[in-house]
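Input: a single structure, listed below in structure tokens.
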Amino acid sequence: MEVVICKTYDEMSRKAAAVVADVVRTKPKAVLGFATGSSPLGIYKELIRLHKKEGLNFSKVTTFNLDEYVGLPADHPQSYWTFMHENLFNHINVPKKNVHVPSGTSKDHAAFCAKYEKGIRDAGGLDVQILGIGSDGHIAFNEPGSSLGSRTRLVTLTEQTVDDNSRFFERREDVPRHAISMGVGTVLEARKLVMVASGKNKASALAAAIEGPVTCMITASALQLHPDPIVFADEDAAGQLKMTAYYRWIQNNKPAVP
Ligand code: GLP
């Protein structure tokens, strides 16, 4: 797995955004998987800059988001739909009809999830999926214990995730207990995975994910099963990794011919 340790959050964000931008330039009809949370915000800021200043064109792109809270309508201020529109979609030229964020308010969640999976397949599959990592090692909302083969489904959040995400809500009681989330198996089918991790509170989860055993207890460890994962971490998040010298060595000794 390629691990890129960056000095700052901005450097991490720029480098991760460059991977996504490359995919879009090479394949204008790319299918992009997006994530919410504070970690990928810098990527979105950079993608907006690349669009506005360098003409990065999203007009043929299709997007699928990882997850959404159950019970929050799309236009709720804390919904992931709102988050993505405010932080990315309203500022680039992706057609609104090509944007997919799971619905947390469908009448039949199972039917919705099956349709979401089919939507990804029919679009040709995800070319690249952006991921953050939860402090308990989750990706999307695949909490510890999620099957590594899981598909898009309704999940119950852990108390830790409810606590972590309560900073975005007025009261802890307002944080939904359930979400619709792509499964680990869904994520693993993306052709490329780009994970960003920032801050000391991610250090133990990141070390477990990258250097520990593959386990459903740290669903981010499933990246070890993927053919093309890249992890961008700032120095705080990389603080508990054991192989940092080798990761830096790799970056400084890239083969001349790829
Ligand atoms: C939520 C999201 C995840 C995200 C995680 C970490 O649980 N469902 O996709 O990775 O939060 O968020 P942050 O980057 O804000 O720490």
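All ligand and atom numbering here is 1-based and tracks the order in the structure.
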request  = Just let me know how A140 lines up against ligand 1, side chain, backbone, both or neither, with a heavy-atom cut-off below 4.0 Å.
outcome  = backbone
Nearest-option assignment for atom 14 (O) of ligand 1, heavy atoms, candidates A35, S39, G37 = S39
request  = Could you find the nearest protein heavy atom to atom 8 (N) of ligand 1 and give me its residue, atom name and distance?
outcome  = D67 OD2, 2.8 Å
ask   = Where do M84 and T63 land on the side chain to side chain contact (heavy atoms under 4.5 Å, CB included) test, with the steps shown first?
value = CA-CA 11 Å; M84 287 308 301; T63 76; over 6 Å; no
Plane angle bin for F141 and H138 - parallel if under 30°, tilted between 30 and 60°, otherwise perpendicular = tilted
inquiry  = I'd like to check which ligand 1 atoms, numbered from 1 as shown, lie under 4.0 Å from a non-hydrogen atom of G132.
reply    = 10 (O)
Ionic contact status for E189 with R151, cut-off 4.0 Å = yes
ask   = Hey, which atoms in ligand 1 end up nearer than 4.0 Å to a heavy atom of Y80?
value = 1 (C), 2 (C), 8 (N)
query = Can S135 and N201 be said to form a side-chain hydrogen bond (donor to acceptor under 3.5 Å, both in side chains), step by step?
reply = CA-CA 6 Å; S135 62; N201 65 325; 5.6 Å; no
request  = List the closest protein heavy-atom neighbour of atom 5 (C) of ligand 1: residue, atom name, distance to the nearest 0.1 Å.
outcome  = H138 NE2, 3.9 Å
task = Please lay out, stage by stage, how I133 and M195 fare under the test side chain to side chain contact (heavy atoms under 4.5 Å, CB included).
result = CA-CA 8 Å; I133 180 169; M195 174 174 275; 4.0 Å; yes
Heavy-atom nearest neighbour in the protein, as seen from atom 6 (C) of ligand 1, with distance rounded to 0.1 Å = I133 O, 3.7 Å
Main-chain N/O of S150 paired to R153 side chain as donor or acceptor, under 3.5 Å = no
remark   = atom 16 (O) of ligand 1 has as its nearest protein heavy atom K202 NZ, 2.5 Å
query = Is R167 near ligand 1, meaning one of its heavy atoms is under 4.0 Å from it?
reply = yes
message = I want to know whether F89 and F83 have ring centres closer than 6.0 Å.
response = no
Near-ring test F64/F34, centroid separation under 6.0 angstrom = no
query = Heavy atom under 4.0 Å from ligand 1: found in L131's side chain, backbone, both, or neither?
reply = neither
key: Heavy atom of the protein closest to atom 4 (C) of ligand 1 (residue, atom name, distance)   = T36 O, 4.0 Å
